[in-house]
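Protein chains get the first letters and strands the later ones, always in sequence-line order, with residue 1 at the start of each.
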Amino acid sequence: MSDIAKPPRQIQMGVIGPILALVILVAMGAAMNPNFLGWDNITNVLARSAFIGIIAVGMTFVITAGGLDLSVGSMAAFVAGLMILVMNKALPTMGVGVPVVLLGMAVALGAGLVAGLVNGLLITRLGIEAFIVTLGSMGIYRSLVTWLADGGTLSLDFGLRTFYQPVYYGGLFGISWPIIVFAVVVVLGEILMRSTAFGRHCAAIGSNDQVARYSSVRVARVRLLTYVMLGVLVGVATIMYVPRLGSASSATGLLWELEAIAAVIIGGTVLKGGFGRVWGTVIGVLILTLIGNILNLTDFVSPYLNGAIQGAIIVLAVVLQRESKPGH
Amino acid sequence: MKHFVSALALTAALAAPAFAQDTKVIGVSIPAATHGWAGGMNYFAKTTVERLEATYPQLDFVLATASDPAKQVNDIEDMLATRKIDALVVLPFESEPLTGPVQNVRNAGAWVTVVDRGLAVPGIENLYVAGDNPGFGRVSGEYMASKMTSGGKIVVLRGIPTTIDNERVAGFQSAIEGKNIEVLGMEHGNWNRDTSFTVMQDFLSKHPQIDAVWASDDDMAVGVLAAIEAAGRKDIQFVLGGAGMKEMIKRTMDGDAMIPANVTYPPSMIATAIEITAVGMVSAAPVSGNFIIGSVLVTPENASTYYYPDSPF
């Protein structure tokens with residue numbers, strides 16, 4: 001620590017905890033396998049973090065404002081399925097090309113927006129618990145995608161998939177699109193959270209919605225906006241996801257909601273709301289992805305125990321953040 | 001019109017012989033479509049039930065899909081209590097939790113057909129219809145050994161940790177024993193495309209030289225192929241999936257060098273089970289015993305026999 005007189009607000013474990021956990025993981029990975037820090041592996045890890053990451057940024061706002069959304073995984077599957085169906089339907093008339101891909105993207109964003117809006121309206125206008133509303137919509141979207149796929153798998157037309165593939169695999173300067181989009185979403189999210197009235201309103205509502213209401217914060221509208229934003233981000237993630245394998249089934253996006261929520265909490269956002277940290281969420285997502293990556297790259301433990309290791313590291317990462325809460 | 005009605009009555013009278021009065025109810029309980037294979041199985045269960053209901057007016061079917069073992073137990077208890085089923089066709093989600101409830105069905109005097117996954121206690125079922133899991137592994141292993149006569153390095157993707165997966169892998173391992181095939185690594189891809197994509201990416205980072213992949217399932221093969229293609233690796237000569245997904249069978253049929261073969265594990269075995277059970281209900285033909293459906297090697301030569309374009313799997 002530095003010798004400068006410490007201000008009352010010191011650098012706490014809450015801030016360096018997640019970073020510390022990430023650094024330890026990276027060091028472990030590098031020690032166990034020389035390919036770990038190779039460019040290919042790094043881009044793989046970042047690109048596969050992008051789906052959960054983009055969603056988790058939206059989830060950070062929802063949780064900060066005292067909400068929760070369990071439906072994002074199913075929503076992603078449903079949006080992906082819908083997008084594939086529409087693109088396949090439009091293919092004979094529009095032909096393989098940019099317009100049909102743009103149509104697909106519009107469908108994804110639109111469907112995500114509507115899905116988020118429905119969740120948000122049920123929660124804010126009807127005053128139903130977010131947990132219950134989104135638990136319900138989780139089941140609904142999961143069933144809908146199974147139904148759309150007739151119990152099987154929806155696959156994008158092969159020619160169209162080849163055309164659309166660069167959206168996942170291509171990129172700029174050797175950095176693939178999912179990573180770029182993820183970075184842009186994170187930067188925008190960080191600005192939104194830290195430097196705008198919206199971000200402060202989210203924290204105020206999550207902290208105490210009564211006080212926020214008396215302070216003339218439009219509580220319902222801000223809450224609604226967090227769900228809509230999350231829905232749109234699910235759409236964005238789906239746009240990146242579909243070109244990867246060109247398919248959606250009932251197994252798509254399974255447990256994404258829990259991974260996103262875990263990433264948010266590992267990153268230091270308070271589950272009860274009132275405080276959110278977008279950059280922390282990024283660290284959280286990277287930690288989650290890295291655990292799986294390292295376990296695959298080493299033969300250190302039986303694959304049967306992967307889940308146990310994952311669970312232990314998640315808990316550890318949060319333990320690292322514990323601090324004697326000053327002035328809290 | 002009058003003639004038509006009387007004709008109809010006549011046919012009905014002819015078509016419904018002695019059994020007419022007692023309609024028999026067959027309950028079908030299967031896991032929900034959580035992955036490609038299960039999706040195919042659901043499809044075949046549904047189409048078979050529809051076909052049989054049209055064929056045998058004296059049979060009534062109750063079809064229930066369960067997303068977890070507890071739900072399946074409830075389904076079966078409900079079938080017995082409220083629908084008084086005369087026969088049960090069950091594909092157990094897991095062996096242990098379903099053993100007790102299925103035993104109760106049997107004790108209540110109903111016919112029991114168990115499909116694919118055996119129960120924990122032998123002898124409960126009247127009829128057992130299943131795929132051959134050790135055989136699935138063995139055929140896969142023998143094929144890989146025959147393709148790599150001078151040996152080679154392979155990676156293996158396993159399914160969800162279950163008895164099925166263990167039996168397949170054991171069969172595979174004994175088939176490649178002494179064939180100079182080195183297994184670089186085995187990880188669980190959970191019969192899931194996304195997981196397998198990730199696992200394969202990491203295999204590719206870890207091992208600079210991989211000669212072939214036993215993906216052990218076609219959903220996993222899809223993920224594996226995408227990962228290989230994205231990495232631009234040329235060292236992998238072929239990927240062996242399994243279970244006979246129509247897209248994969250098509251690629252084998254078209255002579256794709258990356259997918260030179262497939263090993264069947266037909267989801268339509270549920271249709272076999274329902275059909276045989278129905279025959280047992282409506283006729284005097286004896287149908288008890290074991291019915292094991294072998295795993296067959298599909299090559300470009302015979303692929304068209306195993307291609308079902310209408311099935312979702």
**Study point:** Check: B:R158/B:N166 side-chain N/O donor and acceptor closer than 3.5 Å
**Key:** yes
Exercise for review: Can you label the angle between the A:Y241 ring and the A:F51 ring as parallel, tilted or perpendicular, going by 30° and 60°?
Suggested key: perpendicular
**Study point:** Contact class of A:T146 relative to chain B, heavy atoms under 4.5 angstrom
**Key:** side chain
Point to revise | Contacting region of A:N41 [heavy-atom separation from chain B under 4.5 Å] | key: both
Point to revise | chain B contact via A:L154 - side chain, backbone, both or neither, heavy atoms under 4.5 Å | key: neither
Exercise for review: Go through the atoms of B:D194 and report whether side chain, backbone, both or neither lie under 4.5 Å from a heavy atom of chain A.
Suggested key: both
Exercise for review: Report the option among B:E187, B:H188, B:Q201, B:M186 that has the most heavy-atom pairs separated by less than 4.5 Å from atoms of chain A.
Suggested key: B:Q201
Exercise for review: Can you tell which part of A:F36 gets under 4.5 Å to a heavy atom of chain B, answering side chain, backbone, both or neither?
Suggested key: neither
Exercise for review: Would you check if there is a donor-acceptor pair between the side chains of A:T134 and A:S71 at a distance under 3.5 Å?
Suggested key: no
Exercise for review: Examine whether an atom of B:M41 lies under 4.5 Å from a heavy atom of chain A, and if so say whether it belongs to the side chain, the backbone or both; otherwise answer neither.
Suggested key: neither
Exercise for review: Tell me yes or no: between the side chains of B:Q72 and B:N74, is some donor less than 3.5 Å from an acceptor?
Suggested key: no
Check your understanding: Which bit of A:R142 is near chain B, if near means a heavy-atom gap under 4.5 Å: side chain, backbone, both or neither?
Key -> neither
**Study point:** Option in B:A230, B:P208, B:S67 with maximal non-hydrogen atom pairs under 4.5 Å from chain A
**Key:** B:A230
**Study point:** B:N192 and B:D219: side chain donor to acceptor below 3.5 Å
**Key:** no
Exercise for review: Could you tell me which of B:W37, B:F197, B:Y43 has the largest number of non-hydrogen atom pairs under 4.5 Å with chain A?
Suggested key: B:F197
Practice item. Please check if any side-chain donor atom of A:R244 sits under 3.5 Å from a side-chain acceptor atom of A:Q165, or the reverse. Key: no
Point to revise | Polar contact flag, side-chain donor to acceptor under 3.5 angstrom, B:N133-B:Y265 | key: yes
